[in-house]
Structures are given as C-alpha cells and as structure tokens.
Enquirer: 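Right, I'll just put the structure down here and ask away after.
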Number of protein chains: 2
Amino acid sequence: MRKVVSSGQPTIKEIAKRLNISVSTVSRALHDHHSIGLRTKARVKALAEELNYERNQTAVYFQQGKTFTIGILLPELSEAFFSSAISGIEDTAYSNNYTVLLGQSHDDEAREKQIIQSMKQHRVDGCIVSIGKNTRNYDHFEMLRQARIPVVFFDRVPDLHDIHAVSCNLESGTIQAVDFLLKKGHRVIGMINGPEQLVASKERATGYIKALRKHRLKYDPELIVNADLTAAGTDAAMEYLLSLKRKVTAVVTFNDYVAMDAVQYALKRKLEINKDITFVSYANTPVSGYTAFPPAASVEQFPYEQGQAATNMLLSLLNGEHPLNDYTNTIMESRLVIHDR
Amino acid sequence: MRKVVSSGQPTIKEIAKRLNISVSTVSRALHDHHSIGLRTKARVKALAEELNYERNQTAVYFQQGKTFTIGILLPELSEAFFSSAISGIEDTAYSNNYTVLLGQSHDDEAREKQIIQSMKQHRVDGCIVSIGKNTRNYDHFEMLRQARIPVVFFDRVPDLHDIHAVSCNLESGTIQAVDFLLKKGHRVIGMINGPEQLVASKERATGYIKALRKHRLKYDPELIVNADLTAAGTDAAMEYLLSLKRKVTAVVTFNDYVAMDAVQYALKRKLEINKDITFVSYANTPVSGYTAFPPAASVEQFPYEQGQAATNMLLSLLNGEHPLNDYTNTIMESRLVIHDR
DNA sequence: GGGCTTTACGCAAACGCTTGCGCGGATAAC
DNA sequence: GTTATCCGCGCAAGCGTTTGCGTAAAGCCC
C-alpha cells in the first residue's frame, strides 16, 4: 500500500488500541460526552496526555466541512491603515477561535481573483475583503456567494447593494473637515480625491458639497480632482489646483500619505504651510504627528475598529445569528481630529 | 445517518457517476495522469468545467498530510517593519503556491504559545517567527521541532544555536553608524538599546564597541542603556543619558520610533536637533523622511527582503532541498542610509 | 421476576481524495 | 500462433475524525 509518512503524531486509533476500546469511545471521551463513563474518560485523557496526543484538525475540518478560518484580502499589507485593520481582525478572530488566512492584491485585479480562488479552495468559512482600487469586475465575489461563502467588505467597498459591508461614513467626516476650514476663513478649498469608482471617493465629494451648501456657498467642480494616490499623481493634482485662477488656500487630501506628498510639493513651490496653504486629511496616521508639517486636521477612520466590526459581522453570519441574505452596511462614524488650531 | 450539509459543490464522485467511470479515473484524469486515455480525459475535464468542479483542498490536505500553508507569528502587525516583512513573506509564499496563516503575539509570551499551538493544530507545513521581546522560554518552539514542523526565525531571533534564522547583521550597520558620527566629530555617543535578551541588542552593542575600538577610543559602558522601546522607556533613557557628566552629543537609538520619541524628549529639553544633539537610528522607516527631524542617518534592515529570504529558506526546508537539522543563519547585511550630511 | 429505563460502550458509515495493484484487451515481437 | 508488452481503466484501502444507531449489562419499579 501507499507509503504512510508517519508524522509520529498519535491518533485516537492508537489510543483506542492501547486501551482496548473503540475509537468512537475515545473520541467521545475526549469531548466529554455524557455517555462515557467517568473511569474510561479518565483513562483516555490520561493516555492522551501521556502520548502528547493532539487532534488532527485537518481531519476535523475535512469531516465537518468547516475550517474555522477566515480569509483576509487587502490591497497592501504594509499600508498603515490596513495593518491596523488586520490587527483588529486578527484579534477578534483569535478570541473567537478562528484563524486568519492572508492575501494581498497589490491593487491588481487578476491577483485579487487568484487569491479569492485560492481561499475558496482552502474552504475558508468566510472572507473579509477590501477591494483593490482598480477592481471593476466582481465575478470572483459572485463565485463566493454561489459557494455560500459569506463575505464582508470593509473600507474599500464595491458599489453594490447586495453585500455585507463595514465602512466609515466619510461624508460626515468630510463635512466636519470642510466646516473646520471654512471657520478658519478659507473660501477656496481644493480636494484631492481618490479614484472615482471608490465609494469612499463619492462620499468625500458629497460631503464636500454638502458642507459648502450648509454655508450657502457655491460649489465649483473645478476644485475637486481625482488622483491615483501615487506621489506623481499627487504632484500633478497639486500642480493643477495651484494653476487655477481662484487661489486655493486649503486642500483636503485623500489620506495622510497624499497629504505628505502634497506638502512636499507645496514646499517645492515655496509655499508656507498653514499660511499660504493649509491641509486637511484623512486617516489620522500616528506618524503624521511626528512630521514637520502634519495636516491641520485629519479625519480618523478607526481602522482597528473597522476590522473588529467586520470580523464580528462575519462571525455572526457564520454562526447563523444573522441571515446570509440580509445585507447590512454597518457604518461607523468618522471623526475629525484637529491637530493645529 | 448523519445529516450531510450539502455545500452544493460537486465532487469527483459525482463526475464519476455521471460519466459511468470510477472515481480513480476521474482523479487521474484531472491530474493528467499518463495512464488515462485522451478521450476520457477530455470528457472528464469537460464535465468538470461544466459542473464548476473545484477540488476540495481540505480533503487533499488531510489525505496528503500537507497543507501548503505556512504560519507567521509576529509581535505586532501594525509595526511598519513587520508589515513590510509580511508583505515579503506573503509575496514569495504566494508565488510558490503557499498560503499564509497569521498571528500576532503582541509581545505576550502566553499568547505566543497559544498561537503556535493553534498553528500546530492547523498542521501548517512550517512557520516563520519573530519572537516577542519578552519571550524567554522556548518550549513551544521545541514542540514544533518534535512535531517535525520546521521553523525559520527572522529579525527577532532567539539566542540559540540550533535554529534556522534570517537576520540582519546589525553589527556592521552599527559600525557604519558610529563611524558616521565619529567622522562628524562626535566623541560622546550614547546608545538607547533594546531589551538585553534580544540578539539584535547584543549585536548593536558589540558593533558600537568595535567601532570605537577601530578608532582607538575607549568604551564607556555608561553610555549604553537598555530600554523597553516604549515612549516612557525612551524618555527615561534620554533623561539618563543627558544627566551624565560627559556631555552626550549624539545618540544611536534602537529604531526610528524610538528616535522620534527621543527627538520629542530632546525638544522638550530645549535641545536643538542636529546641533546640540544628533540622532542615528535603525529601520529607515519611510515616514521618517517626512518628519520634522528625521535621524541624521538610519540603518536599513531590509524587512521585505528578510521576509523573502526567510520564506525561501522555509520553502527549501519543506522541499527537502535543505536538511532539517542543518541549521543555518542567513545574515543579510544592513546598510547605513544617510539623510543629513 | 418480568418489563422498563438508563448507562456505557462498539459498529460502521461517511467526509473527498489519492494511489498501489490487478486485470482484461489490444498491440507488438518472435 | 504464442508470448511478452503496454495501454486504459476499476477496485479498494486508507488518511483521522465524528456520530447515528444498535445493544449488552445494570438498575429500577411494581
């Protein structure tokens, strides 16, 4: 017969043989099943302990069709926002006895699809996903749905209605941000927004517009520019904003990294930060506190908490506490954190 | 019999039945086994395609005793160094068809042990580990060895000889760093080092001493202080260094975060950075480029490359290309990156 | 003491897949 | 025409665990 790679790990079969009882009895004894006598239980447990027995989870997973594993798909692990989110996800997954399988898409749609495929093959119980900024096709998630694998999206959420999602209401944060700038006297406020298809970009834009309307100010579409979040893209966006006839005195940037790049560009153009031009941003990255010119304020998006919330939602889907087809979009409030008054 | 939770996913059994052939034939056909006729292969593949068949990996894992999964244990996912490292690990694992299971210890030894335990139960093929800064007991890794699960340590490596490890030679980097400061005229150089039991701390210390010796300068043990890497610990260390009789004009800090905290402390003490006091650090964190007072130089530790190297090493252990008991310590050279001349 | 329930355990199937081996039939070699 | 060779496929075991059901033995009540 086939060569068995004896891993040396003892099995319940082994225990059963040594004790002259059946494997089912051993299994039940180890699970404290009521129908097993106290003496047998004790003997089984003692021997298990002695042999250093450890349940073969792969066998259990296979048998039960459940892996107690959740897949996480993110664009980029090394981005601060996502690494905090992961941290939140891993923590709550861990305390619910789930483990976490990881994949990064690097914002590449093809790789995203492959990772989802691989997770499906791994038979993860569910997924937590933040889509890449270029992803426009959602077939791979549709496949997950057909395989009955629940997915919770967070932060970068596809623009669909029939999904589970956790995200931060950036509209309100944006309103706070623009309010803040208006109160400081700024009237021409630019915005470096992200890729158009991101829900987050839309929320920022509408927040921006609503804030202006609240103050009975006219909205000038020229002032919002969509960028690709790279340093070069940010430079181009800044160049554009500074080239407008109306003099831009403040800019709302997509996130703190964009803000840092924008600051660098402004410095190159000999502008004085917080005087000639003021920046307000998103993410409230801790390191920005150490920077030379941190944004005057930043919208905190609570990545760790978003991770927790997404995981909790997924867990309640997995436990059947929440019906799979009852799509909910948990929205967390963002909050403007003011660094410089 | 037991209720089967029909996941709807077709199995080879199903295919076999529909085609009136045996499961073994189907299995072999899908694997392009030479002993299966071309016609049958085609028929099987066509039907598999049509039914959207997908191999149940949990079954394969179980049957083969291999999971194509590697476990990663790190102190803190949200630390820039580690998130870069993860990124490198995930990338190389991915391109070798391995997936990645994740756990963070938060520098807590108990949690570290639990995670290792969980990974062992998950039957990961191998592990990549960076130990917590408080970990002093290595029993959990000994258990992995007994279970024949190879482990590659990286960055934070336990002080043992019979392990596989990838790390950065901080001694050479430290020599470069101290050289740099000496050439700038500094003669009293402090060092805020990490916890004593970390190998990295020892390397930093010996590098420091060797650099002085190279320049025929006497080594004053008072100038090296071990800290715990928290902001408070850094403050205390700075307070101590600044209280010495000999006036410290430069400080080598354990990493960029410590450097940032130290800078903040110095500012509070009304010291002028790069004049009254100069900092040199480790990690070369990208954000430090944006900070008001980046360290004058930083020792790059190549986290992404360390992650890659560790993964490659683990893979060659798993493929049997490298014997399990041939313990090697791959050492990558660190390199001083000078920001401010 | 007969019928009942309870206690404590064993039997065997099932989860989906891989693989060593056996075997019938076609083909090639002599 | 006989024997050796090879092709194409099926049989069945086995991976470790769980679990529905069957069943002895023991205990209970009247």
Side-chain angles (χ1 to χ4, degrees), chain A residues 1-45 48 51-68 120-123 125 147, chain B residues 1-45 48 51-68 120-123 125 147:
Chain A
M1 275 291 102
R2 56 185 288 276
K3 178 126 51 64
V4 176
V5 191
S6 157
S7 69
Q9 300 268 40
T11 68
I12 53 172
K13 210 183 263 181
E14 174 113 9
I15 297 184
K17 197 178 297 173
R18 294 221 197 188
L19 259 38
N20 250 328
I21 56 182
S22 77
V23 285
S24 49
T25 304
V26 174
S27 173
R28 283 190 253 256
L30 291 172
H31 284 88
D32 264 330
H33 195 277
H34 63 272
S35 83
I36 302 297
L38 288 175
R39 294 184 55 93
T40 349
K41 269 185 195 170
R43 292 204 312 154
V44 168
K45 288 182 180 175
L51 294 183
N52 240 308
Y53 167 77
E54 222 162 67
R55 179 213 255 92
N56 184 337
Q57 286 290 3
T58 63
V60 178
Y61 293 157
F62 165 55
Q63 203 262 359
Q64 313 245 333
K66 203 181 171 201
T67 60
F68 283 97
K120 197 172 147 207
Q121 288 193 172
H122 264 263
R123 295 291 205 266
D125 292 339
Chain B
M1 275 289 104
R2 57 183 285 278
K3 180 126 48 63
V4 176
V5 193
S6 157
S7 69
Q9 300 269 40
T11 68
I12 51 172
K13 207 183 268 180
E14 175 114 7
I15 297 184
K17 198 178 300 173
R18 294 220 197 190
L19 259 40
N20 252 328
I21 56 180
S22 78
V23 286
S24 50
T25 305
V26 176
S27 172
R28 282 190 255 253
L30 291 172
H31 283 88
D32 264 328
H33 196 276
H34 63 272
S35 83
I36 302 296
L38 288 175
R39 295 184 53 90
T40 352
K41 268 185 196 170
R43 293 204 311 149
V44 168
K45 287 183 181 175
L51 295 183
N52 239 305
Y53 169 77
E54 221 162 66
R55 179 213 252 91
N56 184 337
Q57 286 290 3
T58 63
V60 179
Y61 294 157
F62 164 56
Q63 203 262 359
Q64 314 246 331
K66 201 177 175 207
T67 59
F68 284 97
K120 197 171 147 206
Q121 289 192 170
H122 265 262
R123 295 290 206 266
D125 292 340

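Model, not experiment: these values are computed from the prediction. Heavy-atom basis, side chains included; hydrogens, waters and symmetry copies ignored. Just so we're on the same page: letters track the sequence lines, and every chain starts at 1.
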Enquirer: Nearest of C/dG20, C/dA14, C/dC9 to any side-chain atom of A/Gln63?
Expert: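 Selected nucleotide: C/dA14.
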
Enquirer: Return the value, rounded to whole Å, for the distance between atom CD1 of A/Ile12 and atom P of C/dC11.
Expert: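 Result: 14 Å.
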
Enquirer: Could you give the CG-to-C1' distance, from B/Asp32 to C/dT19, as a whole number of Å?
Expert: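 Going from B/Asp32 (CG) to C/dT19 (C1'), I get 17 Å.
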
Enquirer: Please state how far atom NE2 in B/His34 lies from atom P in C/dT19, giving the value in whole angstrom units.
Expert: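 Nearest whole value for this atom pair: 13 Å.
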
Enquirer: Taking the side chain of B/Phe62 as its heavy atoms from C-beta onward, which of D/dG16, D/dT18, C/dT19 lies nearest to it?
Expert: D/dG16

Enquirer: With a 4.5 Å limit on heavy-atom distance, are the side chains of B/Arg18 and B/Leu51 in contact?
Expert: yes

Enquirer: Could you give the NE2-to-P distance, from B/His33 to D/dC6, as a whole number of Å?
Expert: 16 Å

Enquirer: What's B/Ser35 touching, base or sugar-phosphate or nothing? Going by heavy atoms closer than 4.0 Å.
Expert: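 Base, at least one base heavy atom under 4.0 Å.
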
Enquirer: Report the nucleotide, chosen from C/dA12, D/dG16, C/dC9, that has the shortest atom-to-atom distance to any side-chain atom of A/Val23.
Expert: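 The nucleotide sitting nearest to the side chain is C/dA12.
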
Enquirer: For a quick check under 3.5 Å, do B/Ser22 and B/Thr25 share a side-chain donor-acceptor pair by atom type?
Expert: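 Indeed, the side chains of B/Ser22 and B/Thr25 share at least one donor-acceptor pair under 3.5 Å.
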
Enquirer: Side chain of B/Ser24 only, heavy atoms from C-beta on: which candidate in D/dT18, D/dC15, D/dC11 is closest?
Expert: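 Selected nucleotide: D/dC11.
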
Enquirer: Quick one: label B/Thr40 by what it contacts on the DNA or RNA (base, sugar-phosphate, nothing), any heavy atom closer than 4.0 Å.
Expert: sugar-phosphate

Enquirer: Taking the side chain of A/Gln64 as heavy atoms from C-beta outward, which of C/dC21, C/dT18, D/dT19 is closest to it?
Expert: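 The closest nucleotide is D/dT19.
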
Enquirer: Ignoring the backbone of A/Thr25, work out which of D/dT19, C/dC17, C/dC9 is nearest its side chain.
Expert: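 So the side chain of A/Thr25 is nearest to C/dC9.
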
Enquirer: Evaluate the side-chain proximity of B/Asn56 to B/Gln9: yes if any heavy-atom separation is below 4.5 Å, no if none is.
Expert: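 SC-SC contact between B/Gln9 and B/Asn56 ruled out.
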
Enquirer: Specify whether A/Tyr61 and B/His122 have parallel, tilted or perpendicular ring planes, treating 30° as the upper limit for parallel and 60° as the lower limit for perpendicular.
Expert: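 Taking B/His122 first and then A/Tyr61, their aromatic rings sit tilted (interplane angle of 30° to 60°).
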
Enquirer: How long is the line joining CD of A/Gln57 and P of C/dC15, in whole Å?
Expert: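 So the CD-P distance, A/Gln57 to C/dC15, works out to 21 Å.
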
Enquirer: Starting from P on D/dG10, measure out to NZ on B/Lys17 and report it in whole angstrom.
Expert: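 Computing the B/Lys17:NZ to D/dG10:P distance gives 15 Å.
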
Enquirer: Could one point to a donor on the side chain of A/Arg28 or the base of C/dG10 with an acceptor on the other under 3.5 Å away?
Expert: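 Yes, a donor-acceptor pair under 3.5 Å.
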
Enquirer: When we call it a touch if two heavy atoms are under 4.0 Å apart, what does B/Tyr53 touch: a base, just sugar-phosphate, or nothing?
Expert: sugar-phosphate

Enquirer: Would you kindly give the CD1-to-P distance between B/Ile21 and D/dC11, to the nearest whole Å?
Expert: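 So the two atoms are 11 Å apart, to the nearest Å.
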
Enquirer: Picking from C/dA12, D/dG10, D/dC21, which would you name as closest to the side chain of B/Ser22?
Expert: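 Out of C/dA12, D/dG10, D/dC21, the nucleotide with an atom closest to B/Ser22's side chain is D/dG10.
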
Enquirer: Measuring only between side-chain heavy atoms, which start at C-beta, is A/Arg55 closer than 4.5 Å to B/Gln121?
Expert: no

Enquirer: Measure from CG on A/Leu38 to C1' on C/dT6 and round the result to the nearest Å.
Expert: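 Atom-to-atom, A/Leu38 to C/dT6, this comes out as 15 Å.
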
Enquirer: Using a 4.5 Å cut-off on heavy atoms from C-beta on, say whether the side chain of B/Lys45 contacts that of B/Asp32.
Expert: yes

Enquirer: Base, sugar-phosphate alone, or nothing: which one does B/Arg55 contact when heavy atoms must sit under 4.0 Å apart?
Expert: sugar-phosphate

Enquirer: Name the residue closer to the 5' end of DNA chain D, choosing between A/Lys13 and A/Ser27 according to the nucleotide with the nearest heavy atom.
Expert: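 It is A/Lys13, whose closest nucleotide lies nearer the 5' terminus.
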
Enquirer: Check every strand shown and say whether A/Thr11 touches a base, only sugar-phosphate, or nothing at a heavy-atom separation below 4.0 Å.
Expert: sugar-phosphate

